[in-house]
Every structure is written in C-alpha cells, then in structure tokens.
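First comes the structure, then the notes that go with it.
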Amino acid sequence: MTTETEDRAPNAREVTEPSTEELLSLYERMLLVRRTEERLRDDSAAGRLPGAVHLYIGEEAVAVGVCAHLSDRDYATSTHRGHGHFLAKGGDLNAMMAEIWAKDEGICRGMGGSMHVADLSKGILGANGIVGAGLAIATGAAFGAKLDGDGKVSVCFFGDGAANQGVLMENLNVSTLWGLPLVFVCENNTFSEFTPSREVTAGSIADRARAFSMPTVEVDGNDVVAVWRAAGEAVDRARSGGGPSFLEAHTYRIQGHFEAEAFVLSGGRYREDGEIAAWREKDPIARLGAKLLSTGVAGDEVLADIEARVAGRVEDAVRFAEAGSPADPELAEALMFVRGEA
Amino acid sequence: MTTETEDRAPNAREVTEPSTEELLSLYERMLLVRRTEERLRDDSAAGRLPGAVHLYIGEEAVAVGVCAHLSDRDYATSTHRGHGHFLAKGGDLNAMMAEIWAKDEGICRGMGGSMHVADLSKGILGANGIVGAGLAIATGAAFGAKLDGDGKVSVCFFGDGAANQGVLMENLNVSTLWGLPLVFVCENNTFSEFTPSREVTAGSIADRARAFSMPTVEVDGNDVVAVWRAAGEAVDRARSGGGPSFLEAHTYRIQGHFEAEAFVLSGGRYREDGEIAAWREKDPIARLGAKLLSTGVAGDEVLADIEARVAGRVEDAVRFAEAGSPADPELAEALMFVRGEA
Amino acid sequence: MERRLIQAVGDALAEEMRRDPKVIVYGEDVELSITGDMRGLHETFGHDRVRNTPICEATLTGMAVGLASAGYRVVVHMMFSNFFYTGMDAIGNQMSKLRLMTGGQVELPITIIAGYGGGAANAAQHSDSAYPMLMNLGGINVLTPSTSADAKGLLKTAIRGRNPSFFLEPSGRGGDLGEIPDGDHLVPLGVAAIRRVGADATVVAIGRMVKPALSAAESLAEQGVSAEVIDPRTLVPFDDAAVLASVEKTGHLVVVDEARECCGAASQIAAVVAEKGFSSLKGPVRRVTTPNVAIPYAPNAEARVLPDAERITAAVLALVGHDRVPA
Amino acid sequence: MERRLIQAVGDALAEEMRRDPKVIVYGEDVELSITGDMRGLHETFGHDRVRNTPICEATLTGMAVGLASAGYRVVVHMMFSNFFYTGMDAIGNQMSKLRLMTGGQVELPITIIAGYGGGAANAAQHSDSAYPMLMNLGGINVLTPSTSADAKGLLKTAIRGRNPSFFLEPSGRGGDLGEIPDGDHLVPLGVAAIRRVGADATVVAIGRMVKPALSAAESLAEQGVSAEVIDPRTLVPFDDAAVLASVEKTGHLVVVDEARECCGAASQIAAVVAEKGFSSLKGPVRRVTTPNVAIPYAPNAEARVLPDAERITAAVLALVGHDRVPA
Ligand SMILES: Cc1ncc(C[n+]2csc(CCOP(=O)(O)OP(=O)(O)O)c2C)c(N)n1
Ligand SMILES: Cc1ncc(C[n+]2csc(CCOP(=O)(O)OP(=O)(O)O)c2C)c(N)n1
Ligand SMILES: [Mg+2]
Ligand SMILES: [Mg+2]
C-alpha cells in the first residue's frame with residue numbers, strides 16, 4: 001500500500017516541505033546506509049564477517065526520513081536490522097564497522113556485533129536481536145523523557161513481524177494512557193523471515209493503533225519525503241506534549257532475511273524474482289535522486305560528489321575496522337557488572 | 001456501559017429468545033453460583049478455607065449466559081475468579097467444594113484449590129492464577145477443535161485487567177488468521193485488583209478486537225438474557241465455521257478482589273460504597289427473578305422451590321467437602337509426570 | 001527501631017526516594033500496595049514517582065530497561081516471583097545482557113521487588129521461589145533478606161547501585177518484627193551473616209529458611225550438636241569465602257533452600273563447596289530443598305514439600321553421625 | 001544409515017507424524033524450516049499439521065497447552081533457546097505445573113524443539129544454553145542429544161511420550177554425520193551413554209560438549225590419564241546411577257556444561273555426586289562451564305568463555321594430580 005492516510009493529527013504543526021539542504025542531506029544519508037550495507041553484503045559473502053548480517057537495503061527511506069527530525073538527545077530503539085537506524089540517528093560509521101568486524105574499537109567493543117549496534121551518547125539504545133523487544137524499551141525511555149519534561153522524544157522502529165508480538169498492544173496502551181512522547185514506526189517490509197506478512201498478520205497493523213485512538217498514518221516507506229513529512233508531524237506532536245503517534249511505512253526487503261539465506265534455504269523459495277524486480281523500481285534512493293535532478297535541486301555533479309564522499313567514508317570505515325585491534329576477550333567477565341558497585 | 005452494540009454478525013442464526021425452561025435454568029444456575037459463593041465468603045471469613053478465594057458475586061450472568069450454549073465437549077478456560085465458570089460449564093459442585101477445602105475428593109485432589117478448579121471431562125480446562133494465561137490455552141484448544149472438525153467450540157473468559165496483557169492481541173491475531181472456533185468473553189467488572197480499569201486501560205477493549213475485524217458485541221453483563229443472546233450468536237458462528245467472535249460484558253465486582261481484601265488494605269480505599277450499592281440494584285439474579293415474576297414465567301413458589309433446591313445442594317456440597325479425607329501429601333511427587341512414560 | 005520486613009522495605013523506599021529524585025517506582029497496584037510494602041509512598045511522592053500500571057509484565061520489565069537507560073533509578077514491584085516468567089523476556093534477554101552487549105555503555109540501576117515462596121496455600125502459580133533462573137543469567141544481583149534490618153539495608157544498597165538487582169521478600173507475611181539500626185543503614189551485597197556460631201556443621205540457609213534453620217540449630221544444640229547458621233543474604237554476589245571458612249571449621253555442609261532442588265541455589269552452593277572446599281569436607285554435602293514439584297495447594301501437601309526445621313535437623317544429624325558417636 | 005543431527009530430527013518427526021495423525025507441528029517459519037530440521041515436512045503433511053505462526057512466543061507455548069489438552073501431540077519449534085524467555089510464562093506457570101495442579105487430570109504431550117549454545121558469533125541473544133531454568137521447574141523433561149542416533153531416538157520417545165519435553169539441539173550447525181540404527185529407533189529418557197570407558201576420572205559432558213570432552217580424553221590418554229566420558233543424554237530425567245557408578249570407579253568428577261556455571265546443569269550434577277557419591281570422591285569435583293556472562297560476539301571473546309578441550313584437559317589433570325604423580 002502506498003497511500004498516505006492521515007487519520008487524526010491533533011497538535012500537528014503546519015506541514016512543511018524539506019528544504020534543499022534537507023533534501024540533499026536525506027539523499028546522502030540514505031546513500032551512506034546503502035553503500036555501507038552493500039559493502040557488508042559483499043564482505044559477508046566473502047566470509048570476512050564473523051556473525052550474521054541482516055540488511056536494510058531498500059528500506060533506507062524509513063530510518064532516514066524519521067531520524068532527520070531527531071537530535072542526539074532523543075532516543076531510538078531498533079531491530080536486528082539496525083544499521084540503517086544507527087547511521088540515520090547519527091551513529092559513528094567507523095565504530096559500527098569496527099563492531100561488525102569484532103574489534104576493540106567497535107562501538108560495543110566487539111561484544112555486540114551487527115545485531116546489537118548501540119550508541120548511548122547518541123540516544124541509540126540499541127539494535128536488538130529479540131523481535132519486539134525494542135517496544136517496551138522505547139516506552140521506558142519515553143517515560144523518562146516525559147518525566148524530564150524537556151521535549152525529548154523516543155522513537156521505536158519495529159517490523160511487521162514484531163507487530164504480532166503482544167508487547168505492541170501493551171505499549172500502545174501504556175503510552176496512550178501516560179501520554180508519552182513516543183513515535184511507533186512499523187517497517188512493513190512484507191516479510192517475517194521467509195513468511196509473507198499476510199499469512200501471519202490479520203487485518204491492518206495500523207488499525208491496531210487506531211483501536212487506541214492513536215494518531216496513525218500509513219505512508220509509502222520508499223518515499224523519503226513522505227516519511228519525513230509524516231514523521232515530522234508525529235515527532236512534533238510528541239515534543240509538544242501531544243502523546244504517542246503511530247506510523248506504518250510500507251516498504252520491501254530487497255535482500256534476503258540475512259546474508260546466509262541462500263545457503264540456509266538450499267533452494268527453498270518464498271518469493272518471486274519479479275517481485276524483487278518490481279520493488280527495485282521503487283528504490284527510495286533512485287527515486288529521490290531522480291526527483292532532485294528533475295526539480296533542479298541538484299545536478300549530476302552534486303550527486304556524483306555525494307556518491308564519491310559516501311564511497312570514501314565507507315572505504316575509510318572498512319579500513320578503520322580492518323586495522324582495529326581484536327576485541328579484548330577479558331571484557332566478557334569484566335563488563336557484566338559495573339564494578340565496585342552494588 | 002450497558003448498550004448492546006452489534007457490529008457485524010456474519011453467519012449469525014436468527015436471534016431467538018430463551019424458552020421458559022431455559023430461563024428457569026439460567027436463573028437456577030446463577031443462583032447456584034451465588035449461594036455457593038456466599039457460602040465461600042462466609043467460610044473464608046471464618047478462617048475455614050486454607051487459601052485465598054476470589055468471588056464472582058454480581059457477575060454470574062456472564063458465565064451462565066455464555067455456558068448455556070456449551071456442551072461438555074466444548075472447551076472453556078477461566079480466570080482466578082473461576083467458580084462461576086466451573087459451575088456454569090457443568091462442573092461438579094461437590095468436587096469443587098472438596099477442592100477448596102483441600103480434600104482428596106476435590107476435583108483436583110486438593111492440589112489446585114480455589115484458583116485452579118478444572119474438570120477436563122467437562123471441557124473445563126481450568127481456572128488460572130496467571131492473568132491472561134487462559135487466552136492462549138483457549139486458542140490452542142480451539143485449534144484442536146478445528147482440526148477435529150466436529151463442531152466443538154472453545155470459550156475464553158478473561159477480565160478487563162487481562163485485556164491489557166499482550167497475549168490478547170496475539171490470540172486475536174492467531175484465531176482470526178486460522179478461523180478458529182473461539183469465543184473471547186471479556187468480563188469488564190471495572191477493576192483490576194484495586195485499580196479502576198479506566199486508569200490502566202486506554203480506549204475501549206472491544207475496539208481491540210474490532211481492529212481485527214472480528215465480530216464484536218458489547219453487552220450488559222448483568223442481563224443474562226442479553227448475554228445469552230449475544231453468546232448464542234457467537235457460539236453458533238464458531239460452530240458453523242464462521243471463526244472467532246468477541247464479547248465484552250460490562251459488569252461489576254460486588255465483593256473485594258479477594259476475601260482477605262479488607263485486612264490487606266487496612267483502611268485503604270479505592271471505591272465508594274455508593275457505587276457498590278448502585279450496582280447491587282442491577283443484580284443479575286434479582287433482575288431475572290423480577291422479570292420471571294412480572295412476565296408470569298414463574299410464580300413465587302417456583303422461585304422459592306429453586307431457592308430451596310439450590311440451598312440444599314450447597315449444604316450438601318459443604319458437608320461433602322467437610323467429610324472428605326485430607327489431601328494425599330505424596331501426590332505432589334507422584335503426579336508431576338505421567339509415570340512409566342517419557 | 002523495631003519494624004516488620006515489609007515496613008523496612010517501605011522505609012528503604014521512602015528514604016531512597018527522598019534522597020534521589022531519580023528513583024521511580026511502578027507496578028501493578030503499587031499505589032494502594034496490595035502487599036503492603038509500598039503503603040503510603042504514592043501519597044508522599046505522587047503519580048510521577050509511584051505509579052500503577054496495567055497488567056503487562058513483559059512491558060514492565062522492558063520499560064525498566066528503557067527508563068534506566070534514560071537516567072532513572074527504576075524500582076518495579078512484581079508481586080509474586082511467578083510473574084517473573086511472564087516478564088522473563090526483558091529479564092533474560094535484555095536486563096542481564098545489555099551492559100556487556102553494549103560494551104559497557106549502558107548502566108541499568110533497576111531493582112525488581114517480588115514476594116516468593118510457599119506456606120500460605122497460594123498454590124503452584126503463586127508459590128515459586130523463582131530465583132535460580134535469575135542466578136543462571138549472570139548480570140543480575142539476587143537479594144534474599146531474612147531480617148528487617150537486611151531488607152532495609154540491602155534494598156537501599158540495590159537502589160543506589162548501578163546494576164540490576166532482584167529483591168526477594170517472603171510472600172505475604174510481613175515478616176517478624178526486627179530491630180533496624182538508626183540512620184542511613186546500608187548492607188553491602190556479597191557479605192554473608194553468621195546467624196549462629198557453631199562447630200559441628202555449617203547450615204547455609206536462604207531467606208525465609210533462616211528461621212527454621214535457627215530453630216533446627218536450637219534443637220540440635222539440645223542433642224549436643226553445634227550448628228553454625230549462615231545467611232548468605234545475597235545469592236549473587238555470593239560470599240563463597242564465608243561459607244568455605246565455616247566449612248573448613250565444621251567439616252560439614254547442609255544447604256537449605258526453598259527453591260526446587262534441581263539447579264537450585266542449594267546446588268550452586270553445594271557445587272562451590274565440593275569444588276573449593278573439598279578438603280575441608282568430612283562427609284557428603286546435603287541439600288534440604290523443595291523437591292522438583294509444583295507447590296500443591298493443600299496445606300498438608302505443601303508442608304510436606306517445603307523444607308522445615310525437622311528436615312534440617314535430620315540432615316545435620318545424618319551428617320555429623322559420620323564422624324561422631326552421639327553422646 | 002548416516003545422517004546429520006538435523007536430518008535425524010527431520011526423520012524422527014516424519015516417522016512420528018506418519019505413525020500418529022495427532023502429531024501437529026507449528027512454529028515461526030517451520031514451513032521452509034530456517035534451521036533445516038523440518039525441511040520437507042510441510043510439503044508432506046500439509047498446512048493442518050505443519051504450520052507457520054506469527055511471531056508470538058508467549059502464545060505459542062500457551063497454545064501448546066491448549067492443543068495438548070484437546071488431545072493432540074504438539075511439537076513446537078522455537079528456533080533459539082533464548083526465545084524460551086519470551087515464551088516463558090506458559091512454560092513456567094502452565095506446562096510444568098498443570099498436571100499436578102489438576103490432580104493428574106491433564107496430560108501434556110508437548111515437545112519443544114530449539115537450538116542452543118554458542119560458537120557461531122551469534123552474540124548474547126542467540127547463544128544461551130537456557131536449559132537450567134527448565135530443569136529447575138520440575139515437570140519438564142530436558143533432552144540434550146549429542147549424536148544423530150540419539151537425536152532421532154530421543155525425539156521419537158518424547159513425541160510419543162505423555163509429558164512435556166524440551167529437545168535441545170546445538171544451534172545452526174547441522175551436526176556431524178552419524179550412524180543411525182534402522183527401524184523404529186527409540187532411546188529411553190534417563191539412560192546415560194558411556195562414550196568412552198576410562199579408569200582415572202569421570203567426565204560428564206552435556207550435548208555439544210561431548211565432542212570436546214572426547215578429544216580431551218584423547219589427549220589425556222596420550223598423557224597416560226584414562227578418562228571415562230559420560231553423555232547423560234537427558235538432564236531431566238537424569239541418570240544418577242550411571243554417573244555415581246563411574247565416579248565410584250574413578251574417584252574423580254569433571255562436569256562439562258555449556259550453560260553458565262551458577263545454578264547450571266553442572267552445579268546440579270556436582271551437587272548430586274557431592275551428596276550421594278561423596279565417599280567415592282578422591283578429590284574435589286570440577287565444573288567446566290561458561291562463566292556467568294552473556295555470550296560475547298567477537299569470536300576470540302566467545303571462544304574464551306565457552307568450554308573447550310583444553311579447559312577440560314586441564315581440569316582433569318588438576319584432579320588426577322591429586323592422587324597420582326605423572327609418569
Ligand atoms: C523473540 C524472537 N522470536 C523470533 C526471532 C527470530 N526472528 C528474527 S528476525 C524475525 C522476523 C522479523 O520480522 P520483522 O519484524 O518483520 O522484521 P524484518 O526482518 O522484516 O525487518 C524472526 C522471526 C527473534 N529474533 N526473536
Ligand atoms: C501475570 C499476573 N500478573 C498479576 C497477577 C496479580 N493479579 C491477580 S488478579 C489481578 C487483576 C485481574 O483483573 P481482571 O483481569 O480484570 O480480573 P478480575 O479480578 O477483575 O476478575 C492481578 C493483577 C496475576 N495473578 N498474574
Ligand atoms: Mg518484516
Ligand atoms: Mg476486572
């Protein structure tokens with residue numbers, strides 16, 4: 001679904017459009033996520049990464065469109081597919097790559113890995129390997145933000161599969177009751193692992209939020225400007241004390257569930273190549289690029305510059321990661337507790 | 001709320017009214033639950049019962065109106081407040097009382113107690129001390145019923161407090177997807193323990209089911225005929241392959257959360273006496289009694305006969321329980337596993 | 001000052017909440033406080049700091065992680081330790097792991113309070129002593145006070161601490177009256193208390209089991225057997241040294257634990273002594289625990305499965321019989 | 001016939017499903033079978049009997065109780081043992097207790113399958129060996145096959161059985177090829193297998209730990225130390241007798257367990273031997289386990305915490321040093 005249905009928008013500010021600068025920044029951020037993940041895809045295939053990687057390729061507009069409205073003081077929780085959220089929320093690329101390469105310079109010192117990149121200093125409360133776990137964590141952070149009373153906002157990214165975990169309903173309930181500054185962002189990429197969402201999801205996910213009279217919007221998740229607009233309203237509402245909102249972004253997972261998928265499935269199939277091809281046509285980055293060109297916001301050179309800058313950053317990050325020191329094996333025992341403390 | 005809003009009722013049979021016989025049976029069943037529980041109330045106060053008892057006084061119309069449509073082959077799951085469901089579904093009164101008195105003759109041989117009365121031979125899968133736990137158990141039984149394909153139905157009784165457990169949403173989802181013969185019956189008695197529902201429940205509980213396009217009815221839970229009618233449609237729908245339905249019965253808990261409440265609260269208050277008095281006016285048994293008299297379905301004598309018969313049964317049951325043998329303390333170790341088996 | 005255990009809990013909460021505005025309390029029915037340990041807090045500290053929640057344990061434990069990450073000290077009341085199962089995801093997958101997983105970025109000052117154990121005919125779903133599974137997670141402190149003073153002092157330490165802690169109080173009894181030192185009474189984690197000095201056998205008794213262990217020691221004394229009773233006070237961290245030192249002196253170990261035997265706290269303590277204190281042992285170690293059963297409702301059946309003074313006495317006598325002939 | 005462990009699991013399922021139409025399999029992504037152990041079942045047995053579910057572990061475990069109560073034999077795939085935490089309520093409060101709570105009315109033939117353990121850089125939330133908490137519940141069988149033959153035979157026994165069983169397979173490796181007897185191969189629960197006969201020390205190794213234990217025994221043999229390696233195969237029920245008999249012979253016990261040390265399976269086994277086999281022991285028992293940490297992602301850090309042949313060898317040598325001088 002690619003309609004943008006706005007049910008209710010109390011306290012919403014005037015809908016604005018991203019400025020030229022903002023548009024270019026959205027483009028660059030999406031491209032950074034994409035090129036980073038393409039590199040992870042290749043390095044994973046080449047056996048250079050220790051663990052599994054779950055890629056966000058094709059879904060970049062969601063994280064980038066939402067996080068454009070957040071500052072480091074705001075909170076976000078993420079999923080097993082978390083590189084995009086991490087980078088969009090301002091996480092350090094080098095430290096993320098070093099993490100995935102299991103290095104001591106990694107953002108989690110090599111203890112977390114791809115599925116668990118977190119940067120507390122940026123409000124990134126962490127990618128999470130437990131489907132649905134980010135929901136309550138985001139609500140807790142939103143509760144803290146509300147108690148602080150200084151306009152911080154908490155955002156929870158979660159998948160269509162996670163939307164079937166009962167914790168969704170619990171957190172819709174708590175956040176509504178307490179008027180928390182929380183934005184639910186459901187990334188409906190049509191799959192839970194290899195199971196098509198429609199086989200495991202009754203009704204519409206957005207309706208589950210509407211049952212709580214929560215301001216709810218469905219948006220084309222491959223249109224970064226549409227996401228930016230909807231998220232802007234939701235974030236503003238949260239900041240100004242208007243309580244939680246719900247965004248369902250319709251998008252598509254271009255890569256497999258994780259990069260070893262083909263090996264694991266050994267020939268098993270759950271989708272048609274044609275479907276993937278059709279969604280490639282809706283690529284959010286290519287779409288914004290074409291729009292930037294056609295509206296004259298940017299010329300070929302500007303885009304080429306961005307491409308080059310991004311490529312350089314990714315290259316640097318990989319070099320940084322490769323040059324890092326191995327993780328410290330003593331950390332496991334040293335870090336479980338804050339030492340010298342109860 | 002005491003309106004009876006019917007959203008959708010596909011596959012519903014013609015709405016019928018209970019026959020004279022059925023009306024008298026509803027009356028007697030409600031009275032049996034009431035008089036039994038009054039006895040439990042008194043025996044608990046007198047310190048004659050080992051554990052805590054949670055009473056259903058005032059809510060009898062719900063269990064009785066629903067279970068009138070069920071046979072022993074159908075399944076029901078219940079709550080910590082389960083005596084009414086047990087008796088309405090045809091559980092043996094003597095065996096229940098012996099259970100609460102912790103006797104070997106108890107329906108669970110004294111191993112379960114008040115909060116856990118179960119009679120598998122009657123499809124009573126058990127009262128449950130874990131709020132919300134009955135939901136998935138009922139869904140599982142409904143799945144079995146659907147696989148059996150012989151028209152069995154599963155009913156899940158749960159409270160307004162339980163409706164805030166995420167498992168509600170999970171089971172709305174699964175039962176809708178699989179078209180299970182399941183009837184959700186939410187007993188909204190306005191309290192979770194000492195917390196008024198409205199303080200912990202955002203929106204309307206029925207709306208949570210409507211989000212799944214599930215046939216959903218809100219009904220006056222103190223009007224046994226209204227419950228009987230709504231449940232009849234839902235049960236018929238389930239039996240005939242029409243899938244799950246949702247019933248929210250609005251009612252009120254006349255007694256405390258449990259019988260030691262006054263002691264535990266030591267003066268703490270969470271509701272006004274006037275509220276209790278107002279709900280006593282809507283007593284489901286008195287209401288049906290008055291209706292039976294005013295419509296000439298029954299005269300004073302008939303009702304007096306019923307009263308006497310019920311009193312006799314309760315008296316017998318208490319005598320049965322008191323005369324029972326103490327529970328067998330060796331059972332705990334003997335019963336954990338089916339012996340001689342994996 | 002003499003206070004019951006639940007009053008000591010309330011006192012500790014009030015003091016810590018007064019001391020640090022970042023301490024937040026929530027849970028089901030904490031405002032009226034069904035278990036009594038939070039009586040009055042809501043009136044004193046208001047809705048922002050003491051708040052009733054919906055029934056949704058999975059979210060209550062997960063929310064604690066988020067609220068702690070946002071800089072608060074979180075206290076969650078979960079009523080009965082059986083409800084840990086309901087809220088187990090965030091306990092097992094988040095709370096106990098996130099500090100390591102984030103490379104030490106996150107600090108989670110979370111204190112979970114719950115009642116545990118049997119003895120009140122609450123039946124299987126309200127009588128578990130569900131701490132062994134917490135002990136196996138790593139990353140979580142487990143506190144089992146047996147006195148009012150320890151309840152207060154341990155809880156204050158936990159709330160002020162920087163790690164997740166589970167504070168387990170014996171369910172629904174309120175506890176006996178006990179003297180509490182004046183002032184800012186803190187009890188460190190990981191330091192056992194010797195409740196009775198003895199020479200012939202070491203009895204390690206956990207939480208509610210300290211009382212029957214002491215009465216067993218009493219009757220053992222009458223039979224000429226001198227039992228040393230150790231209350232570990234916290235199971236994680238655990239004071240290995242205190243137990244090992246005692247066993248070095250006595251040569252015998254009995255561990256009394258209300259949790260079930262298999263992989264319970266008694267197993268852990270027995271294993272530690274069999275590993276590190278083997279040379280001190282003059283005979284087998286003994287676990288006196290609840291067998292591997294669900295707790296039955298009937299009081300006679302429940303009494304049969306819960307450890308009591310009689311079983312403790314018998315276990316000690318069986319051991320000291322190994323190296324002494326009764327006088 | 002030679003089969004990998006996951007193939008043996010698939011074979012067992014297919015055979016039992018063919019044998020009994022009441023066997024139903026469900027779980028997240030069981031149709032395509034992400035872990036490979038259910039490959040082909042959906043095509044053979046269809047949607048009624050092999051069914052993908054939404055992601056909702058709390059309901060999957062609870063539904064198993066209802067479906068079993070309705071007369072079916074339920075097999076649930078839960079992928080990783082870490083997800084037991086997510087579905088823990090019905091495991092801890094229902095599945096393990098309802099038979100007693102209903103006075104024996106209910107039978108719950110439920111088999112839960114999941115992968116466990118580390119070694120693949122899956123990090124903390126996908127690497128737990130979450131069976132000690134199951135062992136502490138009572139009322140649940142815990143199966144930890146180490147060979148293809150046992151995987152098949154134990155799983156078939158569990159599915160045909162009348163009690164809840166958890167079947168734990170080492171995560172994501174498929175296992176080595178192993179010979180499986182022809183015909184209706186069943187392995188009884190509660191009977192340990194002696195994987196290698198030895199005289200100087202008993203090494204009890206659980207599940208995936210059998211392999212490093214055997215290679216440790218190999219290198220110990222080169223050093224003149226003869227280790228007996230026992231694979232308990234099931235942790236509940238546990239074959240006390242086999243372990244005690246071996247310790248009686250060898251005088252030394254090392255327990256190797258991938259679960260964390262505190263209240264883990266190794267603690268239980270150590271405690272049993274310290275209780276019932278004390279007089280056989282010539283020295284301390286040793287647990288070789290994962291320490292009380294979350295499993296780190298970095299392979300070097302992960303390798304450091306997981307038990308391996310080297311640590312097993314060292315533990316045995318430290319013990320036998322007690323009563324023998326190296327040749
Ligand atoms: C509690 C839990 N159950 C199951 C899994 C296994 N799992 C990992 S990702 C996934 C599918 C998630 O689907 P969705 O939420 O839509 O996210 P997407 O992968 O599509 O981004 C599953 C079932 C898990 N990690 N955690
Ligand atoms: C999982 C769980 N959490 C908390 C409790 C404690 N508790 C028992 S009854 C109850 C309130 C239930 O409210 P509701 O579902 O409305 O049922 P009612 O008592 O009103 O019939 C609570 C919180 C419990 N038994 N189980
Ligand atoms: Mg998805
Ligand atoms: Mg209620």
Side-chain angles (χ1 to χ4, degrees), chain A residues 75 77 99 104 106-113 115-121 123-126 128-130 132-149 152 154 156 165-167 169-171 173-174 177-178 327 331-342, chain C residues 21-22 24 26 48-49 51 53-72 74 89-90 92-94 96-109 138-141 143 154 156-165 186 188-190 234 236-237:
Chain A
Y75 302 109
T77 63
E99 182 63 28
D104 195 42
I107 185 71
C108 302
R109 305 196 63 189
M111 298 295 111
M115 240 191 307
H116 305 302
V117 288
D119 185 347
L120 273 285
S121 72
I124 305 167
L125 301 184
N128 210 304
I130 300 301
L135 285 155
I137 298 176
T139 298
F143 186 20
K146 170 120 185 171
L147 292 172
D148 287 345
K152 285 197 292 289
S154 176
C156 178
Q165 292 277 31
V167 283
M169 190 197 83
E170 297 181 356
N171 287 282
N173 189 41
V174 171
L177 283 168
W178 297 354
L331 280 185
E333 299 204 47
L335 281 185
M336 288 299 288
F337 287 98
V338 184
R339 284 298 171 95
E341 284 290 333
Chain C
K22 289 285 191 184
I24 303 293
Y26 65 74
D48 272 0
R49 299 188 61 199
R51 190 175 290 202
T53 66
I55 309 176
C56 53
E57 288 80 7
T59 287
L60 302 189
T61 51
M63 231 167 50
V65 171
L67 184 54
S69 302
Y72 284 84
V74 188
D89 184 59
N93 281 318
Q94 314 294 337
S96 56
K97 292 179 166 54
L98 282 182
R99 187 167 160 75
L100 177 65
M101 287 169 59
T102 61
Q105 291 181 70
V106 134
E107 260 183 47
L108 298 173
I140 279 179
N141 294 318
L143 286 46
L154 289 172
K156 283 167 64 84
T157 303
I159 294 173
R160 260 182 231 188
R162 297 163 66 187
N163 295 300
S165 296
L186 294 167
L189 309 191
T234 64
V236 177

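Below, read A as the first sequence line, B as the second, and so on, with proteins coming before strands; counting in each chain starts at 1.
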- [ ] To the nearest 0.5 angstrom, please state how far the CG atom of N173(A) sits from the OG1 atom of T59(C).
- [x] 9.0 Å
Open item on the list: Report which part of D89(C) has an atom under 4.5 Å of a heavy atom belonging to chain A: side chain, backbone, both, or neither.
Closed with: side chain
Task: chain C interface, residue from G112(A), G134(A), A141(A) that has the most non-hydrogen pairs under 4.5 Å - done: A141(A)
TODO: Please look at K97(C) and chain A and tell me whether the side chain, the backbone, both or neither of the residue comes under 4.5 angstrom of a heavy atom of that chain.
DONE: neither
- [ ] With the side chain counted from C-beta on, respond yes when F143(A) and Y26(C) share a heavy-atom pair under 4.5 Å apart, and no when they do not.
- [x] yes
Open item on the list: Please identify, among M101(C), R49(C), E107(C), R99(C), the residue contributing the most non-hydrogen atom pairs under 4.5 Å to chain A.
Closed with: R99(C)
- [ ] Check whether L177(A) gets within reach of chain C through its side chain, its backbone, both or neither, counting any heavy atom under 4.5 Å.
- [x] side chain
TODO: Count the heavy-atom pairs under 4.5 Å between each of V167(A), D148(A), T77(A) and chain C, then report the option with the highest count.
DONE: D148(A)
Open item on the list: Nearest 0.5 angstrom please: L120(A) CG to T102(C) OG1, how far?
Closed with: 6.0 Å
Task: L125(A) versus chain C, the contacting section by heavy-atom distance below 4.5 Å - done: side chain
Task: Where V338(A) and N163(C) come nearest, the two heavy atoms and their spacing - done: N-OD1, 2.8 Å
Open item on the list: Using a 4.5 angstrom heavy-atom cutoff, name the option from E170(A), M111(A), K146(A) with the most pairs to chain C.
Closed with: E170(A)
- [ ] For the pair Q105(C) (side chain) and A118(A) (backbone), establish whether a donor and an acceptor sit closer than 3.5 Å, ignoring hydrogens and angles.
- [x] yes
TODO: Let me know if T61(C) has heavy atoms under 4.5 Å from chain A in its side chain, its backbone, both or neither.
DONE: neither
Task: L335(A) CG to L98(C) CG distance, which is reported to the nearest 0.5 Å - done: 12.5 Å
- [ ] Can you measure from CZ (F337(A)) to CD1 (I140(C)) and round to the nearest 0.5 angstrom?
- [x] 8.0 Å
Task: Q94(C) (side chain) donor-acceptor with N128(A) (main chain) under 3.5 angstrom - done: no
Open item on the list: So for Y75(A), is it side chain, backbone, both, or neither that comes closer than 4.5 Å to the heavy atoms of chain C?
Closed with: side chain
Open item on the list: Under 4.5 Å from any heavy atom of chain A, what part of A58(C) do you find: side chain, backbone, both or neither?
Closed with: both
